[in-house]
K.L.:
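One structure is given below, represented as structure tokens, and several questions about it will come after.
Chain letters run A, B, ... following the sequence lines, proteins first, then strands; residues in each count from 1.
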Amino acid sequence: MSSLVVTRFAPSPTGMLHIGGVRTALFAWLFAKKNSGRFILRIEDTDTDRSTEDNIRIIEEGMLWSGLDWDEGPDPQHLGSWLGDHGPYRQILRMDIYKSKITELFDQGKAYRCRCTKESLEERRKESERSGKPFQYNRGMDFGRGCRDKHHDDSLPSSVRFAMPLGGDIILEDAIKGMIKFPSDSLDDWIIARWSEPGEIGVPTYNFSVVVDDVAMKVSHVIRGDDHVANTPKQIPLFEALGYTLPVFAHVPMILGKDKQKLSKRHGAASITEFKDLGFLAQAVRLTLAKLSWTPKIDGKVAESAEEEILSDAQLIDAFNLEDIQTSPSVFDIDKLYWINQKLIMNSTNEFLMKSLEPFMPSVWQTQDIAWKNLAVSCTKERSRTLKEMAQSLAFCWEAPQIFEEKLIIKHLTESNRSAIRSLNLLEDWTPQGLRDGLDRILFEHKIALKDLAQALRVALTGGTISPPIHETLLLLGEEEVRRRLLRWI
RNA sequence: GGAGCUAUCGUCUAACGGUUAGGACAGCGCCCUUUCAAGGCGCUUGUACGGGUUCGAAUCCCGUUAGCUCUACCA
């Protein structure tokens with residue numbers, strides 16, 4: 001029995017990677033890193049209707065973009081092959097293992113064939129509900145009416161149920177939530193394998209395969225969403241029936257939207273791809289998510305200033321521990337993400353930003369020389385919350401204004417400002433220093449203030465009143481383009 | 001209906017049972033200023049409710065209310 005920490009993220013391929021899933025994965029990832037353990041990505045695709053290759057790809061790409069790399073799981077380089085020794089990491093490919101475990105349970109009398117049809121179950125459910133009781137298979141007024149003691153063989157179609165303990169409590173020792181007690185009689189004999197033809201064992205359900213896989217993959221810490229708390233008392237007796245020792249369970253609180261409902265598309269972005277397309281940095285997403293329901297303590301202290309809120313991955317990993325995670329859910333506030341993203345952009349190197357900006361830029365971006373890109377990035381990195389905004393604030397470089405608002409023309413392109421613009425048009429020295437001197441001279445000669453000339457130039461050159469500082473705006477456009485755009489105003 | 005979880009500014013959160021209930025985001029105001037930002041300074045707003053325990057409760061206990069999760073041959 002090794003003491004190696006192994007965590008896993010086990011999403012089902014539903015067509016998108018949800019931000020809440022990423023947060024859960026992040027905690028599992030941080031915990032593995034913190035303890036020099038291993039992190040597994042496993043695909044839970046026992047619901048064959050929803051699981052497609054494309055949907056699995058979406059999960060892999062989302063995880064990769066988020067920077068949550070896995071030690072075991074699908075090999076992103078080679079489709080269909082696996083990283084790690086406990087594969088395959090798709091449940092649909094592990095049927096043989098599940099079936100052999102179910103056979104084991106049969107042999108020990110801990111599982112049984114159930115011939116109750118959906119129709120008869122539905123009828124009993126209604127009967128229970130009519131008398132104000134919830135329906136539980138082989139519990140309450142349904143007790144003794146099922147197949148538990150009938151010892152059915154597989155000669156007829158059947159599903160498979162797990163014989164849950166009767167009476168007493170099931171205790172969950174949760175690393176985050178503490179001890180939680182569930183009365184056994186609030187549960188029932190649940191289905192572990194779906195309906196199947198005679199002689200067969202059907203496709204196992206989630207609660208069964210998750211237990212078998214977590215043990216087979218030597219998962220030491222099951223870190224998952226709060227929505228699984230109520231599943232755990234079903235799973236605990238199954239671990240025991242299979243002779244397994246229990247992993248450590250840690251249920252992390254949910255992430256809610258502004259209306260305190262589970263976060264979804266209705267709240268704006270919910271899938272990780274949307275955050276990427278909005279121009280957020282993966283690190284900003286990680287930091288923001290990490291700080292929901294968890295407060296990192298650096299040297300035993302929580303952040304006491306804005307600067308201390310901005311933490312590196314290394315600091316996150318170093319500070320991480322399960323005990324500090326909150327037990328209450330938290331609302332996802334995209335404003336905080338915007339703020340963190342902006343801070344991170346400001347702190348980023350120009351080189352990193354140049355590269356990160358590529359997907360948001362027109363193709364001409366790639367052909368610009370390094371000095372120009374450096375200038376472009378350095379004069380916009382403090383004025384953009386996202387990469388997308390950064391790209392937008394540089395759009396004037398390749399998009400000459402087509403229309404000019406009358407109001408702006410009247411206000412800024414006055415005769416005196418235009419005469420200064422005419423002088424600018426005659427400037428010869430377009431080196432940064434030459435331009436600076438030239439502008440100073442023009443301001444002096446025309447007796448106008450920099451802010452007036454700057455605004456007039458912004459309108460003339462970009463069609464708007466917002467652009468990088470005016471020297472940089474001129475330099476980015478370049479002598480030739482500036483002259484071209486000034487033509488109609490002189 | 002049953003089982004479970006949760007409850008501090010609008011949001012994220014801090015607070016050995018003793019603090020003027022602290023910080024961050026957002027909002028607002030002022031300063032700086034070449035537009036927009038960034039930066040600086042300041043302000044507004046909070047312990048869900050009701051009972052206990054205690055010299056003393058945001059903190060411990062009970063109840064209420066509200067929200068969420070599970071209650072599937074979904075995961």
Side-chain angles (χ1 to χ4, degrees), chain A residues 10-14 44-47 49-51 91 114 116-118 121 125 128-129 131-136 140 159-161 172 174 177 180-183 185-188 190-196 202-207 209-210 225-234 251 253-254 256 258-262 288 291-295 297 301-309 326-340 342-343 346 379-385 389 393 412 449-455 457-459 462 464-471 473:
Chain A
S12 57
T14 54
E44 311 257 322
D45 58 349
T46 56
D47 181 0
D49 294 344
R50 291 200 292 191
S51 306
Q91 294 188 322
C114 172
C116 300
T117 61
K118 277 196 169 161
L121 255 17
R125 184 181 310 277
S128 267
E129 284 165 3
S131 60
K133 300 270 182 195
F135 176 71
Q136 295 170 276
S159 56
V160 180
R161 286 187 187 266
L172 162 60
D174 193 275
K177 293 177 167 299
I180 307 175
K181 263 197 233 178
F182 303 85
D185 293 335
S186 66
L187 284 342
D188 69 356
W190 50 284
I191 293 198
I192 58 177
R194 295 172 171 87
W195 194 255
S196 67
V203 178
T205 56
Y206 162 78
N207 279 303
S209 37
V210 76
D226 218 344
D227 47 339
H228 288 284
V229 171
N231 288 323
T232 314
K234 295 184 186 177
H251 289 97
M254 309 262 80
L256 274 23
K258 278 223 178 297
D259 53 2
K260 310 261 183 183
Q261 304 283 308
K262 206 165 168 175
T288 307
K291 286 154 69 79
L292 286 177
S293 292
W294 176 55
T295 307
K297 292 194 181 79
K301 287 195 340 222
V302 302
E304 281 166 355
S305 69
E307 283 312 308
E308 289 173 6
E309 299 270 344
Q326 230 69 250
T327 54
S328 53
S330 49
V331 173
F332 180 75
D333 180 15
I334 199 161
D335 282 335
K336 192 85 169 201
L337 175 58
Y338 272 111
W339 179 75
I340 285 176
Q342 176 163 40
K343 285 284 194 187
M346 287 192 296
C379 70
T380 48
K381 66 200 277 192
E382 284 198 352
R383 0 179 87 77
S384 318
R385 297 182 302 168
E389 287 181 359
S393 61
H412 296 290
L450 174 58
K451 63 175 178 179
D452 293 324
L453 179 59
Q455 285 310 76
L457 279 171
R458 285 195 172 92
V459 172
T462 72
T465 55
I466 297 172
S467 86
I470 202 63
H471 294 95
T473 300

K.L.:
According to a strict under-4.0 Å criterion, is Ser330(A) in side-chain N/O contact with OP1 or OP2 of U13(B)?
P.N.:
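For Ser330(A), the contact criterion (side-chain N or O under 4.0 Å from OP1 or OP2 of U13(B)) is met.
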K.L.:
Look at Ser293(A) and U13(B) and indicate whether a side-chain polar atom (N or O) is within less than 4.0 Å of OP1 or OP2.
P.N.:
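Affirmative; the distance criterion is met.
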K.L.:
For side chain to side chain donor-acceptor pair (under 3.5 Å), just list the numbers for Thr232(A) and His251(A), CA-CA rounded to whole Å, side-chain angles, deciding distance to a tenth of an Å, and then say yes or no.
P.N.:
CA-CA 10 Å; Thr232(A) 314; His251(A) 289 97; 3.3 Å; yes
K.L.:
Take Lys181(A) and Phe332(A), find for each the nucleotide of RNA chain B with the closest heavy atom, and name the residue whose nucleotide sits nearer the 5' end.
P.N.:
Lys181(A)
K.L.:
Classify Trp339(A) by what it touches in the nucleic acid, base, sugar-phosphate, or nothing, heavy-atom distance under 4.0 Å.
P.N.:
sugar-phosphate
K.L.:
Does the U69(B) base have a donor-acceptor partner in the side chain of His228(A) within less than 3.5 Å?
P.N.:
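No such pair is found, so the answer is no.
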K.L.:
Just to confirm, is there a sub-4.0 Å distance from OP1 or OP2 of A38(B) to any side-chain nitrogen or oxygen of Lys381(A)?
P.N.:
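For A38(B), OP1/OP2 do not have a side-chain N/O of Lys381(A) under 4.0 Å.
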K.L.:
Please determine, for G42(B), whether a Watson-Crick or G-U wobble partner exists with both distances under 3.5 Å, and give it or none.
P.N.:
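Per the H-bond distance test, C28(B).
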K.L.:
On the nucleotide U34(B), are OP1 or OP2 found under 4.0 Å from the side-chain N or O atoms that Gln455(A) carries?
P.N.:
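Answer is no, no contact under 4.0 Å.
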K.L.:
Does Thr205(A) have a side-chain nitrogen or oxygen under 4.0 Å from the phosphate oxygens OP1 or OP2 of C73(B)?
P.N.:
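Looking at the OP1 and OP2 atoms of C73(B), neither is under 4.0 Å from any side-chain N or O of Thr205(A).
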K.L.:
Taking a pair as Watson-Crick or G-U wobble with both distances under 3.5 Å, which nucleotide is matched to A3(B)?
P.N.:
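U69(B) is the nucleotide pairing with A3(B).
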K.L.:
Quick one: is Gln261(A) getting a side-chain N or O under 4.0 Å of the C68(B) phosphate, OP1 or OP2?
P.N.:
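Checking C68(B) against Gln261(A), a side-chain N or O does come within under 4.0 Å of OP1 or OP2.
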K.L.:
Is there a donor N/O on one and an acceptor N/O on the other, under 3.5 Å, for the side chain of Lys336(A) and the base of A24(B)?
P.N.:
yes
K.L.:
Look at Arg194(A) and A72(B) and indicate whether a side-chain polar atom (N or O) is within less than 4.0 Å of OP1 or OP2.
P.N.:
no
K.L.:
Using Watson-Crick or G-U wobble geometry with both distances below 3.5 Å, tell me the partner of A37(B), or none.
P.N.:
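The answer is none; no pair meets the criterion.
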K.L.:
Looking at every strand, decide which applies to Glu129(A) at a 4.0 Å heavy-atom threshold: base, sugar-phosphate, or nothing.
P.N.:
nothing
K.L.:
Is any side-chain N or O of Thr327(A) closer than 4.0 Å to OP1 or OP2 of U6(B)?
P.N.:
yes
K.L.:
Would you indicate, yes or no, if C36(B) has its OP1 or OP2 atom less than 4.0 angstrom from a side-chain nitrogen or oxygen of Thr465(A)?
P.N.:
no
K.L.:
Whole angstrom is fine here: how far is it from CE in Met254(A) over to P in C5(B)?
P.N.:
16 Å
K.L.:
Base, sugar-phosphate or nothing for Gln326(A)? Non-hydrogen atoms, less than 4.0 Å.
P.N.:
sugar-phosphate
K.L.:
Think Lys258(A) has a side-chain N or O under 4.0 angstrom from the OP1 or OP2 of C12(B)?
P.N.:
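No, Lys258(A) has no side-chain N/O under 4.0 Å of OP1/OP2 on C12(B).
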